[in-house]
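First the proteins, then the strands, lettered A, B, ... as listed; each starts at 1. Scope of the values below: all heavy atoms of this structure, side chains included, with no hydrogens, waters or symmetry mates.
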Number of protein chains: 2
Amino acid sequence: MDSFTRLSRRPSLTDDISQKLSRMILDGKLVAGEQLPTEQSLAESFGVARTVVREAISRLKHDGLVDSRQGVGAFVAEPSARSAFRISPACFEKRQKLLEILQLRTGITSEAAGLAAVHRTDADLQFMDTAYDNMERALSGGDAAAEKHVLAERSFYQRIAEASGNQYILEFLSMLDTRIDMELRSVAMKNARVTEWSAEVLAEHKAVLEAIRAQDETAASQAVRYHYSLAAQRLADRADLADT
Amino acid sequence: MDSFTRLSRRPSLTDDISQKLSRMILDGKLVAGEQLPTEQSLAESFGVARTVVREAISRLKHDGLVDSRQGVGAFVAEPSARSAFRISPACFEKRQKLLEILQLRTGITSEAAGLAAVHRTDADLQFMDTAYDNMERALSGGDAAAEKHVLAERSFYQRIAEASGNQYILEFLSMLDTRIDMELRSVAMKNARVTEWSAEVLAEHKAVLEAIRAQDETAASQAVRYHYSLAAQRLADRADLADT
DNA sequence: TGTCTTCTTGTTGTCTGACAACCTGTTTTT
DNA sequence: AAAAACAGGTTGTCAGACAACAAGAAGACA
């Protein structure tokens, strides 16, 4: 939540400076990669103590807007590093909630596939074909290549999101994937057993790909929804995810 | 992005303490409403200076995890105050981007409708019926009641999101609606002319409602998608939104 | 000349101490 | 009893210092 969203409390100096700095970056007064003024000069120009500037910059670092290196300076982060969306870590508190996150992703991914079916270029299709081949190849490695397959699958749907032409869908999906990975990798992903259902899963992906190739919007979004509904079911059946 | 997402840089003390504190809250060691230990005692127990603790808490305040009152203390914020999702204000910079936001909402809403068709209770249905009646009644007021109708429509889909049983979908949609309203109210909503297409629009909503009543998952999500595709088209036709 | 070492300088990260602003409960005064 | 002054504690801000670190400058040496 942005500080100015909370109207209840009188904004502190830190809130003020933090907002000023982030606006400078968001408005493009500070270009990506550019070095921020030093904390001391910022403190002087804002008329506050250095601690205030530090707390403000600390927030920006936390938000991924700037990146600082000790002994060198603070720099405006690349736009690719700053996501349009942020999700609270609290969302992954309980493993049961993960299923709801996956439902959320289902809706967005299916929309992405539908849009991709409409807007895809031949180049997009080529990327998707390649990603699909990678999935197929990863499967041939058996359980050992489980993680590789997961990455290939993610890459496949990322291509779809790119082909949708919708920047926000792409960003939101990649953010979700990143966070889901962080939460799941340690728990489940490493000992995932893909061979059990590899064939059917691949067929589900294939259906998505072919619908997009045929530029069939409805079929594409439905194929995604179908895949995820089965995926959710598989996930629910897994013992290592059922706990807590 | 959380600090531990960036693996490149050695985590600073502030990163460490910030993470420790947020985990204490997220893991429930500190209950909502509870007062945090004083900055000084936190500094002592963590073995760092108070400035470090302050920078860490500053991040948590920015994230809405804690709320502090000068002279009293810092308190764990209510979970309702910590919204699961945040969207950067930059997303609404250009009006052209609004269409992409709407596409994003389409995907989530259609997923919500599908889930609602499965999970709805009779009570949910009753709420939706009431919301639909409100929409219908708002339309009879003609153009004057345009804004009222917009609110009724939003309320209708909010009911659907609630019936989906998915907390994140509900939160994300309400966040999007809030932000879209903030951006659009001044521009378009006040002089919206609903009478031109009121009948057909209402029929679209009705289709959603009946699909959910019939517990037809596919029909429900398709009906939403159909409505939004037409809504996007209407929006694109509007001159006051085409500029910039 | 070229390369390595050392020094210098500047910046961020952390520490320490102090005071201002503020809230709350207690005590004193009226 | 009610109001005012007091006391203690906490956050917010300030000031100064040093440590950690990086990058360039200057010098030593082959």
C:dG13 base / A:Arg50 side chain donor-acceptor hit below 3.5 Å: yes

Rounded distance (Å) that lies between atom C1' of C:dG10 and atom CZ of A:Arg69: 14 Å

Upstream residue (5' side of DNA chain D) when A:Gly71 and A:Ala49 are each assigned their closest nucleotide: A:Ala49

Mutual orientation of the aromatic rings belonging to A:His205 and A:Tyr157 [parallel < 30°, tilted 30-60°, perpendicular > 60°]: perpendicular

For B:Arg59, the option from B:Ile17, B:Val66, B:Thr14, B:Leu65 that meets side chain to side chain contact (heavy atoms under 4.5 Å, CB included): B:Thr14

A:Lys20 bridged to A:Asp16 by N-O distance under 4.0 Å: yes

B:Asp15 CG to C:dT12 P, straight-line distance once rounded to whole Å: 16 Å

Spacing of A:Glu39 atom CD relative to C:dG10 atom P, expressed in whole Å: 16 Å

pair B:Phe75-B:Arg69: side-chain heavy atoms closer than 4.5 Å: yes

Euclidean distance, atom CD of residue A:Gln40 to atom C1' of C:dG10 [Å, nearest integer]: 11 Å

Closest nucleotide among D:dT10, C:dA21, C:dT12 to the A:Arg54 side chain: C:dT12

Whole-Å distance separating the CG atom of B:Leu13 from the P atom of C:dG13: 11 Å

Sugar-phosphate only, base, or nothing, as touched by B:Thr51 at under 4.0 Å among non-hydrogen atoms: base

Gap between atoms CD and P, on A:Gln70 and C:dG10 respectively (whole Å): 17 Å

Value in whole Å for how far the C1' atom of C:dC15 lies from CD of B:Glu44: 14 Å

Under-4.0 Å side-chain N/O to phosphate OP1/OP2 contact, A:Ser12 with D:dT11: no

OP1 or OP2 of D:dG12 under 4.0 Å from side-chain N/O of A:Thr14: no

Atom pair distance, as rounded to whole Å: CG in B:Asp16 and C1' in C:dT14: 14 Å

Interatomic spacing from CZ in A:Arg120 to OG in A:Ser164 - rounded to 0.5 Å: 14.0 Å

Residue whose nearest DNA chain D nucleotide is more 5′ - B:Val72 or A:Glu55: B:Val72

